Asker: 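Questions regarding the structure given below will be posed in turn.
Treat the numbers as computed from the prediction; the structure is a model and nothing was measured. Residues take their numbers from the sequence shown, with the count starting at 1. Read the numbers this way: they start at 1 and go in the same order the structure lists the ligands and their atoms.
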Amino acid sequence: MMAATTKVVRVREESATARSIWLERPRGFTFAASQAVRLTLDGHSRPFSIASGPEREQLQFIARRSESAFKQAFFSLSAGDEVDLAGPRGNFFLEPARPAVMLAGGIGITPMKCLIEHAVDRKLTTPITLVYGNRDEREVVWGAEVDALAGAVLPLLKVLHTLTQPSPGWTGRVGRIDPALVKELVEKTPDAVFYLAGPPQMVTETREALLGVGVDASQLRLELFRGYDAV
Ligand SMILES: Cc1cc2nc3c(=O)[nH]c(=O)nc-3n(C[C@H](O)[C@H](O)[C@H](O)COP(=O)(O)OP(=O)(O)OC[C@H]3O[C@@H](n4cnc5c(N)ncnc54)[C@H](O)[C@@H]3O)c2cc1C
């Protein structure tokens with residue numbers, strides 16, 4: 001654990017409702033994919049997953065917009081501003097020797113992005129299935145980028161997008177990450193490690209669905225992003 005003040009290197013809008021910041025990595029700061037840190041802005045603190053792989057030079061964080069004082073401070077950051085961080089913390093680690101099924105709800109993509117970038121940078125051969133649920137196309141963060149990795153860069157990565165309120169032109173899967181989808185995933189890879197991140201309701205319901213079709217609790221890794229409604 002380390003507490004440090006560091007600087008914003010750059011920022012980028014990721015979607016209609018999300019924004020990235022990249023921070024200089026404090027000297028000596030190391031972490032495992034995908035741990036979290038506590039970010040403090042203007043006296044307000046929130047836990048955040050590190051969205052960039054541990055092998056990358058800077059630390060990326062992606063936040064979904066809200067009206068809270070913390071988010072107002074986050075969305076007004078620009079290059080050169082100072083941010084306090086403390087960490088890393090958490091035990092949401094990739095187990096590369098076992099197949100991975102990642103279930104991300106909305107901004108819950110951030111720890112999965114870190115795990116997948118780690119797999120890219122380390123040339124891991126772990127079979128990974130990413131199921132990524134969002135409300136609509138405008139909310140998807142890192143969608144085109146992860147699609148481009150699947151097959152081409154990571155031969156064993158499969159990505160399945162599912163939207164609850166897609167636009168009329170959407171040809172992909174529609175609906176939530178529900179028990180029927182969970183059952184299909186478990187039938188294909190019963191021995192996987194299941195990584196879940198997103199709004200608490202999504203994580204809790206998906207956990208119940210996994211346990212309901214016989215997955216053992218020891219196969220589950222959970223990250224609950226408090227403060228968000230279900231997608
Ligand atoms: C390990 C971890 C990693 C995370 N990574 C990310 C990330 O990468 N990106 C990201 O955007 N967010 C992430 N979060 C969530 C983040 O910490 C904030 O909670 C979230 O962004 C909402 O903050 P806010 O300031 O917008 O809303 P807040 O003002 O914190 O809360 C919004 C609503 O949630 C309710 N609420 C707040 N705290 C709780 C609580 N503990 N239990 C129940 N209800 C509560 C409030 O009453 C309010 O209605 C992560 C959380 C955890 C635990």
Asker: Evaluate side chain to side chain donor-acceptor pair (under 3.5 Å) for T17 paired with R64, printing each intermediate quantity in order.
Answerer: CA-CA 6 Å; T17 55; R64 175 132 293 157; 3.2 Å; yes

Asker: Residue-level breakdown please: for S49 versus ligand 1, do any non-hydrogen atoms fall below 4.0 Å on the side chain, on the backbone, on both, or on neither?
Answerer: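 S49 to ligand 1: contacts from backbone and side chain alike.
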
Asker: Measure the distance from atom 24 (P) of ligand 1 to every protein heavy atom, then report the residue, atom name and distance (to 0.1 Å) of the closest one.
Answerer: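 So the nearest neighbour among protein heavy atoms is S68 OG, 3.4 Å.
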
Asker: Could you give the distance from CG (L196) to CE (M202), rounded to the nearest 0.5 Å?
Answerer: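 CE of M202 is found 5.5 Å from CG of L196.
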
Asker: Below 4.0 angstrom from a heavy atom of R64, which ligand 1 atoms are there? Numbered from 1 as shown, please.
Answerer: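 Those qualifying, in numeric order: 11 (O).
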
Asker: Which residue holds the protein heavy atom closest to atom 23 (O) of ligand 1, what is that atom called, and what is the gap in Å?
Answerer: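 Ranked first by proximity to atom 23 (O) of ligand 1 is R46 NE, 3.4 Å.
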
Asker: At what distance is the nearest protein heavy atom to atom 53 (C) of ligand 1, and which residue and atom is it?
Answerer: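 Answer, as residue, atom name and distance: L224 O, 3.2 Å.
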
Asker: Look up atom CD1 in I128 and atom OG1 in T189, then write down how far apart they are to the nearest 0.5 Å.
Answerer: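 One finds 12.0 Å between CD1 of I128 and OG1 of T189.
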
Asker: Quick one about S167 and E137 (side-chain donor to acceptor, distance below 3.5 Å, no hydrogens or angles considered), yes or no?
Answerer: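 Yes - a donor-acceptor pair under 3.5 Å links their side chains.
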
Asker: A63 heavy atoms, cut-off 4.0 Å: which ligand 1 atoms fall inside?
Answerer: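 Under 4.0 Å from A63, ligand 1 has these atoms: 11 (O).
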
Asker: Can you sort out which atoms of ligand 1 are near E223, meaning under 4.0 Å from one of its heavy atoms?
Answerer: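 Answer, ordered by atom number: 1 (C).
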
Asker: Minimum heavy-atom separation for G53 to R25, with atom names?
Answerer: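 Shortest heavy-atom separation between G53 and R25 comes out as O-NH2, 4.3 Å.
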
Asker: Specify side chain, backbone, both or neither for H44, according to which of its non-hydrogen atoms lie closer than 4.0 Å to ligand 1.
Answerer: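 Within the 4.0 Å criterion, H44 makes no contact with ligand 1.
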
Asker: Counting non-hydrogen protein atoms only, what is the nearest one to atom 44 (N) of ligand 1? Give residue, atom name and distance.
Answerer: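 Answer, as residue, atom name and distance: G227 N, 4.6 Å.
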
Asker: Would you verify that at least one protein heavy atom lies under 4.0 Å from atom 46 (C) of ligand 1, or report that none does?
Answerer: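 Within 4.0 Å of atom 46 (C) of ligand 1, no protein heavy atoms are found.
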
Asker: Please write down residue, atom name and distance for the protein heavy atom closest to atom 8 (O) of ligand 1.
Answerer: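 For atom 8 (O) of ligand 1, the nearest protein heavy atom is T110 OG1, 2.8 Å.
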
Asker: Check V140 against D136 and note the closest heavy-atom contact, atom names and distance.
Answerer: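 Residues V140 and D136, closest heavy atoms: CG2-O, 3.6 Å.
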
Asker: Distance to 0.1 Å, residue and atom name: give those for the protein heavy atom nearest to atom 19 (O) of ligand 1.
Answerer: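 Scanning the protein heavy atoms, the shortest distance from atom 19 (O) of ligand 1 goes to R226 O, 2.6 Å.
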
Asker: For I107 versus F225, what's the shortest heavy-atom pair and its separation?
Answerer: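 The pair with the smallest heavy-atom distance is O-CE2, 3.4 Å.
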
Asker: Among all the protein's non-hydrogen atoms, which is closest to atom 14 (N) of ligand 1, and how far away is it?
Answerer: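 Result for atom 14 (N) of ligand 1: P47 O, 3.4 Å.
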
Asker: With a 4.0 Å cut-off, would you call E14 and R12 a salt bridge?
Answerer: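 Here E14 pairs with R12 in a salt bridge, since their nearest N and O are under 4.0 Å apart.
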
Asker: Atom 49 (O) of ligand 1: protein heavy atom closer than 4.0 Å?
Answerer: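 Protein heavy atoms within 4.0 Å of atom 49 (O) of ligand 1 - there are none.
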
Asker: If you measure from the Lys or Arg side-chain nitrogens to the Asp or Glu carboxylate oxygens, is any gap between K113 and E117 under 4.0 Å?
Answerer: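 Result for this pair is yes, salt bridge flagged.
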
Asker: How far apart are the closest heavy atoms of I50 and C114, and which atoms are they?
Answerer: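 In this case the closest contact between I50 and C114 is O-CB, 3.2 Å.
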
Asker: Where on S66 is there a heavy atom closer than 4.0 Å to ligand 1, on the side chain, on the backbone, on both, or on neither?
Answerer: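 Within the 4.0 Å criterion, S66 contacts ligand 1 through side-chain atoms alone.
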
Asker: If hydrogens are left out, which of F225, F61, F70 has an atom nearest to atom 2 (C) of ligand 1, that is, the closest non-hydrogen atom?
Answerer: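 It is F225 that holds the nearest heavy atom.
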
Asker: Quick one: look up the protein heavy atom nearest atom 9 (N) of ligand 1 and list residue, atom name and how far away it is.
Answerer: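 Looking at atom 9 (N) of ligand 1, the protein heavy atom closest to it is I62 O, 2.7 Å.
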
Asker: Looking at N91, I'd like to know if its CG atom is crowded, meaning that more than 12 non-hydrogen atoms belonging to other residues, nucleotides or ligands lie closer than 6.0 Å.
Answerer: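 Not more than 12 within 6.0 Å, no.
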
